[in-house]
Amino acid sequence: MRLFQMEFYKITARPLMNLALLGMIGFFLLVLYQEAGGTRAEIDGTVYQGLEAVRQERELAKEYEGVFTMEKARDIIERFGFSGYIGGEGIEVINIREGNFCSQFVTDKMTDFMQTEQRPSDFSKGEAWENYGKYFVDGEFRFGYTRGWEKLQDIWYIAVTFLNLWLILMAAPVFSEEYSRNATEVLLTTNQGKSRDIRRKMEAALALGIMVYVLTMLLLFGVTAAIYGWDGLKAGVTSSAFMLHTDYGSMGNFMGILFLAGLASVLLNVGITLFLSSKCKRPVTAVTAGMLLFLLPYGVDRVLFPMLSGMGAANYFWGWILMDVMRISCYSMPVFLPHPGIFTVPVRWLMYIPAIVSATLGICVWRGYQNYKNYE
């Protein structure tokens, strides 16, 4: 334990980096609070703003809580009408939504508003209703006040991405800093230098990632719940991406899986960084390589994949296989794992992603251990 504490202190004894972490967490908490402060709700002829609007919307949503039906949808529309944009000149006015959470929910999910951005006159019909709108009134979907969890999703990915970049800066010097100071030869000659000391270095870096991630996410969860309430966790998921995998059920399940995906992202990111640290002789080289490798899958998915698709590679068997492998590999990397969009991937991919993440993490940790142990 004493050796672990010493290694943990060596990694975390960076005042500027710790201040940067606190500033980053404070910024995201402030964003959450400001999102709530910008809430606007029209209920029974009265307009509410800020936290009072949130409170009124929570009370209103409780009236329709539980299994959602067509009767509830019609009652909401008869009471409040369909929700469009407030008319007027200026972009700042046009982008403000009318109505409240309940009327906006029915309008967004059960009409063509999201396609036309015009206030609808009736529910969607035909194929649009059968493929999407009908899902919310089929007797299985549970309604609840999910605005807070939807707001949290908006900043979730950015928060985990910034945290991963911070962890690269913290974990990159674990081995490379000792190379640069010529301390490795001395440390490897000690009784535990080639075994326990290396393991404690890795454990300390991984523990830092877990601790900071869990604390940060608990703070974000806690602030969201304090403002918007916990009741929305029992509601069904309204994200069209997540609805492709309806077996996951509630918003609570969705957020739990997103939390675990973010944790996997952090662990894999630290593991890859430790491997790079064991290969690079200078911390700045390890940091640069870590940043580039972290962002590379994003570039491949957003640039190379569309390029191959535009060239017609998917029309050929091997081209289709290559593109599938490329996409699965990208979505198994730290930059994509915590993104809510990961649930848009085909179901058949979901069995490969955990296996790739586990194998990559295991190989990186093992090779990092061996590289440092056999350093000459």
Side-chain angles (χ1 to χ4, degrees), residues 35-36 38-44 47-48 53-54 56-87 91-156 224 228-229 231-246 248-251 254-255 340-341 343-344:
E35 285 286 338
T39 304
R40 179 185 184 277
E42 301 173 9
I43 301 176
D44 297 329
V47 177
Y48 300 95
V54 172
Q56 293 292 335
E57 283 191 329
R58 286 180 62 186
E59 292 299 318
L60 176 64
K62 287 179 181 178
E63 297 180 25
Y64 302 97
E65 212 170 42
V67 176
F68 202 64
T69 63
M70 196 64 198
E71 288 73 20
K72 288 183 179 181
R74 288 198 180 98
D75 182 61
I76 290 171
I77 296 307
E78 288 174 5
R79 183 176 173 184
F80 305 110
F82 289 109
S83 171
Y85 289 117
I86 295 177
I91 190 71
E92 72 282 354
V93 176
I94 296 175
N95 283 342
I96 297 176
R97 285 294 298 274
E98 295 174 326
N100 51 65
F101 176 79
C102 295
S103 63
Q104 290 167 10
F105 171 85
V106 175
T107 303
D108 293 350
K109 308 304 178 185
M110 303 172 67
T111 74
D112 60 357
F113 173 76
M114 299 303 288
Q115 289 74 43
T116 65
E117 294 192 343
Q118 301 295 320
R119 186 187 295 103
S121 58
D122 201 354
F123 295 96
S124 57
K125 295 180 175 63
E127 188 176 338
W129 175 259
E130 292 296 325
N131 293 340
Y132 190 67
K134 185 180 178 181
Y135 166 82
F136 297 99
V137 291
D138 64 359
E140 296 183 7
F141 181 83
R142 294 189 64 85
F143 179 78
Y145 189 57
T146 58
R147 189 186 293 280
W149 306 114
E150 291 165 6
K151 294 293 184 182
L152 179 58
Q153 289 174 49
D154 290 341
I155 70 166
W156 178 280
T224 302
Y228 296 95
D231 40 319
L233 290 176
K234 299 177 183 178
V237 180
T238 59
S239 166
S240 58
F242 194 68
M243 281 163 51
L244 295 173
H245 311 290
T246 54
Y248 297 137
S250 68
M251 180 66 77
F254 175 71
M255 297 306 296
F343 297 106
T344 62

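Bear in mind that the values here come from a model prediction, so they are computed numbers and not experimental data.
- Partners of Y48 by ring-ring contact (aromatic ring centres under 6.0 Å, His included), not counting sequence neighbours: none found.
- The ring-ring contact (aromatic ring centres under 6.0 Å, His included) check on Y145 picks up F101, with sequence neighbours excluded.
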Would you check, one step at a time, whether the test side-chain contact (heavy atoms from CB on, under 4.5 Å) holds for R40 with I86?
CA-CA 12 Å; R40 179 185 184 277; I86 295 177; 3.4 Å; yes
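- Scored by the side-chain contact (heavy atoms from CB on, under 4.5 Å) test, K125 finds D122 as partners (sequence neighbours excluded).
- Residues meeting the side-chain hydrogen bond (donor to acceptor under 3.5 Å, both in side chains) test with D108, sequence neighbours left out: R97.
- Qualifying salt bridge (charged side-chain N to carboxylate O under 4.0 Å, His left out) partners for E35, counting only residues two or more places apart in sequence or in other chains: K151.
- Rounded to the nearest 0.5 Å, atoms CZ (F123) and CD1 (I77) are 5.0 Å apart.
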Give the intermediate values and the outcome of side-chain contact (heavy atoms from CB on, under 4.5 Å) for residues W149 and V237.
CA-CA 10 Å; W149 306 114; V237 180; over 6 Å; no
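- Atom CD of E127 is surrounded by 12 or fewer heavy atoms from other residues, nucleotides or ligands within 6.0 Å.
- In plain terms, the two heavy atoms of K234 and S250 that are nearest each other are O-CB, 4.0 Å.
- Atom CD of E57 sits about 13.5 Å away from atom NZ of K62, to the nearest 0.5 Å.
- Summarising the geometry, atom CZ belonging to F254 is positioned 12.0 Å from atom CG belonging to L233; distances are rounded to the nearest 0.5 Å.
- Residue F68 holds its CZ atom at 9.5 Å from CZ of F136, rounded to the nearest 0.5 Å.
- The salt bridge (charged side-chain N to carboxylate O under 4.0 Å, His left out) test applied to D112 returns no partner, not counting sequence neighbours.
- Residues passing the side-chain hydrogen bond (donor to acceptor under 3.5 Å, both in side chains) test with T146, sequence neighbours excluded: E150.
- Contacts of E130 classified as salt bridge (charged side-chain N to carboxylate O under 4.0 Å, His left out), with partners at least two apart in sequence or in another chain: K134.
- Atoms CD and CD, on Q56 and E42 in that order, are 13.5 Å from each other to the nearest 0.5 Å.
- In this structure, G144 and E65 approach most closely via the heavy-atom pair CA-CG, 4.4 Å.
- Considering only residues two or more places apart in sequence or on other chains, L60 meets the side-chain contact (heavy atoms from CB on, under 4.5 Å) condition with I43, E63, Y64, R79, F80, N100, C102.
- Closest of all the heavy-atom pairs between P120 and S83 is CD-O, 4.5 Å.
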Determine whether V54 and R147 satisfy the following criterion, side-chain contact (heavy atoms from CB on, under 4.5 Å), listing intermediate values before the conclusion.
CA-CA 9 Å; V54 172; R147 189 186 293 280; 5.6 Å; no
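- Note that OG1 of T224 and CE of M255 are 7.5 Å apart. Values are rounded to the nearest 0.5 Å.
- No side-chain heavy atom of R119 sits less than 4.5 Å from a side-chain heavy atom of Y85.
- A ring-centre distance under 6.0 Å is not found for F82 and F113.
- Within the structure, salt bridge (charged side-chain N to carboxylate O under 4.0 Å, His left out) pairs that include any residue of residues 136-146 do not occur (at least two apart or interchain).
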